[in-house]
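Given the structure is predicted, the values throughout are model-derived calculations rather than measurements.
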Amino acid sequence: MVKRTYNVEETEPEQTSFNIPSEKEHLLQVVDFVDQDDPDVILVKIEVVGGDENGRSLLNRCTLDQEAKGFFFTRMFLKAIGEPYKGQFEIESDRWIGRQFYGRVAHTASKGKTYANIGEYNFDKVIEQYKAPVGQPAKPEDIAWEN
């Protein structure tokens, strides 16, 4: 049981629309993770860096099961953020925070809603990435956050 007391404004709450990035190439940055019940899936929160869409976000689903079809897309994401993606490697998701890459956003519609996804990575635009020491998560003060 949860019991809490609140003191809020006397106004009616209103729904707001969630602005997703437009369908074009953006500079994108990993900013957070969304908890999942499935230990083989990481939902990565990614935001647009710069321009009039700065801060608009999307979620990128990364499958950690290398036998699953979706693992191919996880490898593409790892390549985009400068992490190992071929041969033998370890995944440390905490090291992804602050990583940037260029990608073209694509929209998909499902059940009356529009979602933003990464449609294509631009591997030709290489970004010098901050890399946390192995075994250590990235610290916000070590990352050159773009505004």
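Cluster annotation: Phe72 is connected to Leu78 through the hydrophobic network of ILVMFWY side chains, with a link wherever side-chain heavy atoms come within less than 4.5 Å. Put simply, Val44 and Phe89 are part of the same group of oily side chains (I, L, V, M, F, W, Y) that touch within less than 4.5 Å, one to the next. Residues Ile20 and Val34 fall into different hydrophobic clusters, defined by Ile, Leu, Val, Met, Phe, Trp and Tyr side chains chained together at heavy-atom separations under 4.5 Å.
Partners of Asn117 under the side chain to side chain donor-acceptor pair (under 3.5 Å) rule, at least two apart in sequence or in another chain, are Thr108. Residues satisfying the side chain to side chain donor-acceptor pair (under 3.5 Å) criterion with Ser93, sequence neighbours excluded, are absent altogether. When the side chain to side chain contact (heavy atoms under 4.5 Å, CB included) test is applied to Arg75, the partners found at least two apart in sequence or on another chain are Phe71, Tyr85, Lys86. Residues satisfying the side chain to side chain donor-acceptor pair (under 3.5 Å) test with Asn122, not counting sequence neighbours, are Glu25.
Of the inter-residue distances, the one linking Arg61 atom CZ with Ile42 atom CD1 reads 11.5 Å to the nearest 0.5 angstrom. For the atom pair CD of Glu67 and CG of Leu64, the computed distance is 13.0 Å after rounding to the nearest 0.5 Å.
Between Arg56 and His26 the shortest side-chain heavy-atom distance does not fall below 4.5 Å. Proximity of Ile118 to Phe101: side-chain heavy atoms (C-beta onward) are separated by under 4.5 Å at one or more points. With a 4.5 Å cut-off on side-chain heavy atoms, Asp94 and Glu92 do not count as touching. By the 4.5 Å heavy-atom criterion applied to side chains, Leu58 and Pro21 are counted as neighbours.
Shown here for Ser110 and Tyr115, the closest heavy-atom pair between the two residues is O-CE1, 3.9 Å. Scanning all heavy atoms of the two residues, the minimum distance from Ala116 to Val105 falls at CB-CG1, 3.8 Å. Considering every non-hydrogen atom in both Thr63 and Ala68, the closest pair reads CG2-CB, 3.7 Å.
Identified under the salt bridge (Lys or Arg N to Asp or Glu O under 4.0 Å) test for residues 100-121, with sequence neighbours left out: Arg104-Glu120. The salt bridge (Lys or Arg N to Asp or Glu O under 4.0 Å) analysis of residues 31-51, with sequence neighbours excluded, yields the pairs Lys45-Glu47.
Judged purely by atom type and a 3.5 angstrom limit, Gln29 has no side-chain atom pairing as donor or acceptor with the backbone of Arg99. Counting only distance, with no hydrogens or angles, the side chain of Gln36 and the backbone of Leu43 share no donor-acceptor pair below 3.5 Å.
More than 12 non-hydrogen atoms from other residues, nucleotides or ligands lie less than 6.0 angstrom from CZ of Phe33. The number of heavy-atom neighbours closer than 6.0 Å to CZ of Phe123, taken from other residues, nucleotides and ligands shown, is above 12.
Each of Val31, Ile46, Val30 was compared with Trp96 under the side chain to side chain contact (heavy atoms under 4.5 Å, CB included) criterion, and only Val30 meets it.
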For Leu28 and Tyr102, what are the C-alpha separation, side-chain angles and deciding distance, and is it a side-chain contact (heavy atoms from CB on, under 4.5 Å)?
CA-CA 6 Å; Leu28 301 165; Tyr102 283 92; over 6 Å; no
For side-chain contact (heavy atoms from CB on, under 4.5 Å), just list the numbers for Phe73 and Asn60, CA-CA rounded to whole Å, side-chain angles, deciding distance to a tenth of an Å, and then say yes or no.
CA-CA 10 Å; Phe73 296 107; Asn60 187 45; over 6 Å; no
side-chain contact (heavy atoms from CB on, under 4.5 Å) for Gln100 and Leu27? Distances and angles first, verdict last.
CA-CA 7 Å; Gln100 296 181 342; Leu27 175 59; 4.0 Å; yes
